[in-house]
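Worksheet for the structure shown next.
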Amino acid sequence: MSQVRHQTLPIEGMTCASCVQRVERRLQAVEGVSAVSVNLASEKASVKGDVTIAALVQAVEQAGYQVPTTSIDLAISEMTCASCVGRVEKILKALPSVMNVSVNLATERAQVRVLVGTDYATLLQACKKAGYPATLLTELVTSANRRTEAWPWHVILAAALSLPLMAPMLLSPFGLDWMLSSYWQLALATPVQFLLGARFYRAAYRAVLAGSGNMDLLVAIGTSSAYGLSLYLMFAHGQHHEVGMQHLYFESSAVVITLVLLGKWLEARAKLQTVSALKALEALRPTSAIVRRDGREQEVPLVELQTGELIVIRPGARVAVDGEVAEGQSQVDESLLTGESLPLSKAPGDKVFAGAVNGEGMLLIKATELGARSMLSQIIKLVEDAQAVKAPIQRLVDQISAIFVPVVLGLSLLTLLAWGLLTGDWQDAILNAVAVQVIACPCALGLATPTAIMVGTGVAARFGILIKDAQALEIAHRLDTVCFDKTGTLTEGKPTVTAIHTHPHWQASETELLSWAAAVQQYSDHPLAKAVMQASAAQHVGLPVATDAKAIPGLGVQAIVDGMSICFGNGKWMQNLGLDIAEMAHIASSEERLGHTFSYLARQDQNGTPQLCGIVAFGDQIKAQAANAVAQLQSIGVKVVLISGDNQGSANAAAQAVGIAEVYAQVLPADKAAIVLRLKQAGACVAMVGDGINDAPALAAADVGIAMATGTDVAMHTAGITLMRGDPALVSEAIAISQKTYHKIQQNLGWAFFYNLIGIPLAAMGYLNPMIAGAAMALSSVSVISNALLLRRWKPSTPPK
């Protein structure tokens, strides 16, 4: 993170001079800040001093304001190993206004968090100056894709030139002693070394200028040593033109470069397979849609569509946009979006999503979300972000990779000196030193973690499990406690009004009580609010005008209706208002025993005197998969806890139905988070599963937050994992894919470390010639990626229903 001398920060939320003073005081208190000036009109702060951007942003947030930031993606080309990754990150982090950088070698992408208003050209120029050309990433095709098409010709040409050099070794087992003259060997090896191998020299040169090392530097030095030794031997003997008079090592340098080129091409092809799930999602994006305008149907590009337009979805066609069915009935296949195996019935009023495939019926849908706001676009963005961010375990690998090349060069020098001084055979000494350089593979270390994460997140997305960040994927494998919310998570989240009880001393009808409850709830998306609205519509109850409607977190909702303040919420709120709920205790107890949720309704007249009016009871059906989901978790040793804001009786009834023993009921949102923290403090690794706004604090407090996509956007943005179907059984599957992915990471890192720990000493001891070392190095990265690709075979233990 760069130390800034002068920085201008955009600030959101300031409204007056006192805000300015508060921000200035906070910024001035940051160590290293020498001067601060905050402008209310421009909503910017000018800061001077030696201080990091992160420290300034933290100070502004502590003052209660926000520094707006944005995330941009860059396609970075010509990275070859973990050392390149570290160098790109270092270059970008050194730039002012850059908050955070995460570079992924496997996707050749950099995700950069910057202050709003940052000039993107600055980032591109910094990368280019460092030797890594970059472009703004607008599509999934990266430089790896382009090189995959171009490199086979390089490999074929290199192999064609190298094959005659290998002829003596290939023919000797058959008793044939044939070797090209020295000049022919030189003629064949030179274009391989300096034309086809030029990329290694360019990358090595940039690394040296930056004071760092990478795989290309090792290959360049190693092959140059073998080529240079051959030149020396060739011209040091007068009979260099005679066949077989002097053994040269041109074949070693040429074959090593050929093998490395082959390995990098295979690696690039394998990398493309790691993003296959993402490419499958990208392929779902239609480019045009059939729109009904002025009674006529016409095909138009998606970019020309507008919200509210009517889109015609013909049988067998892909749904072009997110929308709501206006006319028609059909079966729609959403399997690639949600993992749901069976097509879903769609009728007027139902939601459909871009990328889904229509069945045999024709649908007319009203467009509600376009472009980047569609669910498909958000899914793709979530998967891309998860694949761009590093897992915590990668930090150790990065530290090792930073010193890897210098250590290898040091070992190579020791090998050269040891063999040369002890045996006097400097030719063998040089070849063994070259073998040490060539067999070392920092690429395998750099690719071990990101490739496994990419494949793991991709295959999880295919089955309806969206893993938003690598940290959630890494932590989920060791979860031992899962806390469930009740409504919408273990239950259908579609409660219905089961009973209306008026207060014994209130002279009014149940219809009037329902109308007031509906008036207060009419602007809410809460499931209970929808149940009240459905009940009022079914009974044709008039809807009074409500003003000043607001939600009281953890208590209920309030609005002004007919000049009175109507409060609709839980018993705790009623008691806070000074009301005696004991007179309706027997009704409340009866509803609790039935497992029902209920809310009290009270009114306050213009004199401010509160009066309890009655109770509205709700029933919510337990999800069919809930009991099986809990049993699955318990079978793998995970403790399951229920944390609900509902009353004790309703929570107990739901817990008993699904097999949960530990229950916390009547819990406020902040208290849910406190319970999660208490479980963590006791040593548990905790996941919280929820779907509502009130679950957001607990989702954030948990080690891993898991949200249902059928719930609110707030819950999904807070959680690290989102389940695209409202199926709680996906929780155990999320843990399973996390375990599989983490095991692959361990296997890859184990192989990468073992390969280098064994291969380098063998080369140093003279047991591996440079060609064998080059082949081993070329295959090491491919083996790591191939092992990660085995994750694509993963399937849920219980198929979606």
Quiz item: Side-chain contact, heavy-atom cut-off 4.5 Å: L473 with T457?
Solution: yes
Self-check item: Interatomic distance, T498 atom OG1 to L594 atom CG [nearest 0.5 angstrom]
Solution: 8.0 Å
Quiz item: Looking at CD1 of I643 and NZ of K672, how far apart are the two atoms once the value is rounded to the nearest 0.5 Å?
Solution: 7.5 Å
Exercise. Enter the distance from N570:CG to T597:OG1 here, rounded to the nearest 0.5 Å.
Key: 11.0 Å
Self-check item: Trace of the side chain to side chain contact (heavy atoms under 4.5 Å, CB included) decision for D580 with L612
Solution: CA-CA 8 Å; D580 183 8; L612 187 61; over 6 Å; no
Quiz item: Nearest heavy-atom pair of M574 and G569: which atoms, and what distance?
Solution: CE-N, 4.1 Å
Quiz item: Do D485 and M708 have side chains that get closer than 4.5 Å, going by heavy atoms?
Solution: no
Exercise. Rounded to the nearest 0.5 Å, what's the gap from OG on S644 to CG on L490? Could you check?
Key: 9.5 Å
Practice problem: Please lay out, stage by stage, how L579 and Y600 fare under the test side chain to side chain contact (heavy atoms under 4.5 Å, CB included). | Solution: CA-CA 11 Å; L579 294 171; Y600 294 91; over 6 Å; no
Practice problem: Report yes if the side chains of F568 and Q521 come closer than 4.5 Å at any heavy-atom pair, otherwise no. | Solution: yes
Quiz item: So, for V116 and P10, which heavy atoms are closest and what is the spacing to 0.1 Å?
Solution: O-CG, 4.0 Å
Practice problem: Verify side chain to side chain contact (heavy atoms under 4.5 Å, CB included) between C483 and I675, making sure each step is shown before the conclusion. | Solution: CA-CA 10 Å; C483 301; I675 292 172; 5.7 Å; no
Quiz item: Can any side-chain N or O of Q575 pair as donor or acceptor with the backbone N or O of K572 at less than 3.5 Å?
Solution: no
Quiz prompt | S635 (side chain) donor-acceptor with Q632 (main chain) under 3.5 angstrom | solution = yes
Quiz prompt | K680 atom NZ, over 12 foreign heavy atoms within 6.0 Å | solution = yes
Practice problem: Ignoring hydrogens and angles, tell me if any N or O in the side chain of D350 forms a donor-acceptor pair with the backbone of A347 under 3.5 Å. | Solution: yes
Quiz item: Are L730 and F463 close enough that some pair of their side-chain heavy atoms sits under 4.5 Å apart?
Solution: no
Quiz item: What is the distance from atom NE2 of H596 to atom CD of E591, rounded to the nearest 0.5 Å?
Solution: 6.0 Å
Self-check item: Atom of P544, atom of V561 and distance for their closest heavy-atom approach
Solution: CB-CG1, 3.6 Å
Self-check item: CD/Q656: more than 12 non-hydrogen atoms of other groups inside 6.0 Å
Solution: no
Exercise. Compare every heavy atom of A367 with every heavy atom of T307, then report the nearest pair and how far apart it is.
Key: CG2-O, 3.5 Å
Quiz prompt | Closest non-hydrogen atom pair, P68 against Q66 | solution = CD-O, 3.6 Å
Quiz item: Is there side-chain contact between L344 and K346, with at least one heavy-atom pair below 4.5 Å?
Solution: yes
Practice problem: Check for a donor-acceptor pair, side chain of S599 on one end and backbone N or O of V616 on the other, with a separation under 3.5 Å. | Solution: no
Practice problem: Report yes if some heavy atom in the side chain of P728 is under 4.5 Å from a heavy atom in the side chain of V689; otherwise report no. | Solution: no
Exercise. Assess whether atom CD of Q648 is packed by more than 12 heavy atoms of other residues, nucleotides or ligands within 6.0 Å.
Key: yes
Self-check item: Trace of the side chain to side chain contact (heavy atoms under 4.5 Å, CB included) decision for F618 with V497
Solution: CA-CA 5 Å; F618 304 89; V497 174; 3.7 Å; yes
Exercise. Indicate yes or no for a side-chain donor-acceptor contact from S590 to the backbone of I587 under 3.5 Å, with no hydrogens or angles considered.
Key: no
Self-check item: Beyond-backbone contact of Q558 with W573, side-chain heavy atoms, under 4.5 angstrom
Solution: yes
Quiz prompt | L577 to C567 - nearest heavy-atom pair and separation | solution = CD1-SG, 4.0 Å
Self-check item: L723 CG to I465 CD1 distance, which is reported to the nearest 0.5 Å
Solution: 6.5 Å
Quiz item: Any side-chain heavy atom of K486 within less than 4.5 Å of one from S650?
Solution: yes
Practice problem: Name all residues meeting the salt bridge (Lys or Arg N to Asp or Glu O under 4.0 Å) criterion together with E662; count only those two or more places apart in sequence or in a different chain, and write none if there are none. | Solution: K639
